[in-house]
Amino acid sequence: MASPSVLTPQSEDFPKWYQDIVAKAEMADNGPVRGTMVIRPYGYAIWERIQASIDERIKRTGAQNAYFPLFIPESYLSKESEHIEGFSPELAVVTHAGGEELAEPIVVRPTSETVIGEFMAKWIQSYRDLPLLLNQWANVVRWELRPRLFLRSSEFLWQEGHTAHASAEDASAYAMRIHLQVYNDFLEKVLAVPTFLGIKPPSERFAGATNTMTCEGMMRDGKALQMATSHELGQNFARAFDIYYQSEEGQAELCFTTSWGASTRLVGGLIMAHGDDNGLVLPPAVAPWVVVVIAVREDEEVLAACQQLNEVLSSQGLRTQIDDGRRGSFGRRVTDWEMKGVPLRIEVGPRDLAQGLVTVVRRDTGEKFPVALTEVVDLVESLVGQIQDDMYAAATAFRDERTKDVNSLDEAILTAQSGFARLAWDLVGENGEARLKAEAMTVRCLQRADGAIPDNELEEGLVAIIAKSY
RNA sequence: CGGGGCGUAGCGCAGCUUGGUUAGCGCGCCUGGUUUGGGACCAGGAGGUCCCGGGUUCGAAUCCCGGCGCCCCGACCA
């Protein structure tokens, strides 16, 4: 029986497909205030796995977690002129509290460079205090005109790292380390999303940064998504907040700072990088449940077999969920689990069971394996790694198919209708960026010819990655 | 902030043009039963300030005026 599709097909209306999946996989709802988001348990479970993976990597680089306040004096934002200019259109400002108008308005943090800068100045006295490596997990508010769940909401959750260093070289090296060993490693190994790494052209830089690095992923509609960014802030914030240290020679020296972040947007990226017309497709590393054991029918023997299997699998450290059949017909339950993107399902029914078999099915390829009960654990364990690898390979193949080297802006505009164009940066220029803007396209990042991250946009022979984006 | 569209049950919608019994339909939900190897079926049932305010009228979901909200498409952002 061919069942009608539950979702709007991607090919018909990609944004609608995305909205459908967020609702039907029970990821999130719109909050009561426009632009706010209620993250439902399944969506939050995915976020928690993302958090854990990133947090572990951050700590490996030596940074420590801390927490800074949600409310920031408006005057702080104004201390760095580019920063305030960049953020003022998106600020939520508290003017009244305690029943009275406030003497100084309070800003709800859009990011925390300013408060953290203030405290870095207090905490850093000597070169011995450097580098100071901080991170916080928090919510931030940037008022959005056109919100979309996970991708762009007025309030979102993220991690923001803030560091201070004695030299530009040290700051730069640390930002690069975060970019490669935290973000890119996480994206490749956990989310199974290949990226283009590079620096933002000056027009796309973070407000107040001297250099912004980005990880650009390709979604199933060929558009780009910025999945994480790392900024070198030079001495801009150090100067604004008096972040000085005393050198070995006894001189007062300005610090060099960095900041870097990744947000709940990653959940949106995960959906759009791997999802298909049957719903989410989750790489095992980020899936709340790697395996669901499904009873084909409510039958004592079947249920007993399911429970036993479930126990064996979880004793092997696999995150499993059992579906005992009380929630409706088999077909319906299967489509629900597919919608949620669980990487593997094990169907346990009387027919197979009579022969000592169960059926293992891969979510990513749809392949079915009849397998002896005694061999299920081994098969599942090998498939988990296989699926993770295959999904990365499939996403890479998809991205490469839709990425083209081009020789002119006209060609780039054509290619970027449905993918990424690689064009020599020299051939873009200021007029080029304006023309791209008119086509709803941007230079996503600048790379060296071999794909490496350049030091700055003035290097010779850089390549611009051009695409539409979220 | 520009351009479109829409507010009627949890969700999706019809009804409005041409005002008139108790406001319908599908999905979902509850109860009972039969089912269950790819979105099951039968029977019964619960659920509504028809976005808000005002006006016209014997009578407004429907007509008029004014608000508010939401969604989609564009300019800014993670």
Side-chain angles (χ1 to χ4, degrees), chain A residues 1-8 13-16 18-20 23-24 29-35 85-91 110-111 138-160 183 200 203-207 212 214-217 224-231 259-269 278-279 294-299 302 323-339 345-354 357-359 361 366 368 370 434 437-442 468-470:
Chain A
M1 261 201 297
S3 53
S5 67
V6 183
L7 298 170
T8 305
D13 185 343
F14 197 84
K16 185 83 170 71
Y18 178 82
Q19 282 182 270
D20 282 358
K24 292 189 172 159
D29 264 333
N30 282 307
V33 172
R34 179 176 159 79
E85 201 179 309
F87 276 108
S88 55
E90 313 181 75
L91 294 181
T111 177
N139 58 340
V140 285
V141 169
R142 297 180 188 178
W143 217 251
E144 284 298 340
L145 303 174
R146 206 185 128 206
R148 283 161 136 267
L149 288 172
F150 291 115
L151 298 173
R152 201 188 295 110
S153 49
S154 288
E155 180 194 6
F156 59 89
L157 306 183
W158 76 346
Q159 145 283 310
E160 51 176 321
Y183 296 140
K200 286 290 183 186
S203 58
E204 301 277 321
R205 237 179 236 153
F206 176 77
T212 289
T214 178
C215 300
E216 298 287 326
L225 182 74
Q226 178 175 307
M227 301 190 78
T229 46
S230 312
H231 315 291
S259 70
W260 26 280
S263 73
T264 36
R265 168 179 277 188
L266 286 170
V267 179
N278 293 320
I294 305 182
V296 165
R297 55 166 66 198
E298 264 185 285
D299 166 297
V302 168
D323 178 342
D324 62 15
R326 269 181 292 197
R327 289 187 58 83
S329 71
F330 176 72
R332 174 52 186 261
R333 289 181 286 129
V334 165
T335 48
D336 283 351
W337 289 114
E338 281 183 338
M339 184 65 67
R345 65 173 189 272
I346 303 179
E347 302 173 356
V348 182
R351 227 147 62 200
D352 285 349
L353 220 47
L357 299 176
V358 293
T359 304
V361 189
K368 297 189 181 187
K437 193 170 177 177
E439 301 288 332
M441 294 167 185
T442 45
K468 292 187 174 183
S469 69
Y470 282 95

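Note on naming: letters A, B, ... go to the chains in the order of the sequence lines (proteins, then strands), and numbering restarts at 1 for each one. The shown structure was predicted, so the numbers you read here are calculated from the model rather than taken from an experiment.
- At the heavy-atom level, A:K368 lies under 4.0 Å from base atoms of the strands shown.
- Salt-bridge annotation for A:D324 and A:R326: present, with a side-chain N of the basic residue lying under 4.0 Å from a carboxylate O of the acidic one.
- With rounding to whole Å, A:R142 atom CZ is found 10 Å from B:rC77 atom P.
- With P as the reference atom, B:rC70 and B:rC11 are 15 Å apart, rounded to whole Å.
- In this structure, the side chain of A:Y470 does not engage the main chain of A:Q226 through any donor-acceptor pair within 3.5 Å.
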Output one line per pair: protein atom, nucleotide atom from nucleotides 25-32 of chain B, and distance, for all N/O pairs under 3.5 Å.
none

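- One atom, CZ of A:R148, and another, P of B:rC77, lie 17 Å apart when rounded to the nearest Å.
- Summarising the geometry, the separation between NZ on A:K24 and P on B:rG10 is reported as 18 Å, rounded to the nearest angstrom.
- Atom C1' of nucleotide B:rC71 and atom CG of A:D20 are separated by 13 Å, given to the nearest angstrom.
- The residue A:D299 sits apart from the nucleic acid: no heavy atom pair falls under 4.0 Å.
- Within the shown strands, B:rG69 is the pairing partner of B:rC6 under the Watson-Crick or G-U definition, both distances less than 3.5 Å.
- Nucleic acid contact class of A:Y470 (heavy atoms, under 4.0 Å, all strands): base.
- Residue A:A23 is out of contact with every strand shown, counting any heavy-atom pair closer than 4.0 Å.
- With A:T212 as the fixed residue, the side-chain hydrogen bond (donor to acceptor under 3.5 Å, both in side chains) test singles out one of A:E204, A:R205, A:H231: A:H231.
- Atom CD of A:E347 is separated from atom P of B:rG37 by 10 Å (rounded to the nearest Å).
- To the nearest angstrom, C1' of B:rU35 lies 11 Å from CD of A:E298.
- Using a 4.0 Å heavy-atom cutoff across all strands shown, A:G86 reaches no nucleic acid atom at all.
- Here A:T212 lies out of heavy-atom contact (under 4.0 Å) with every strand.
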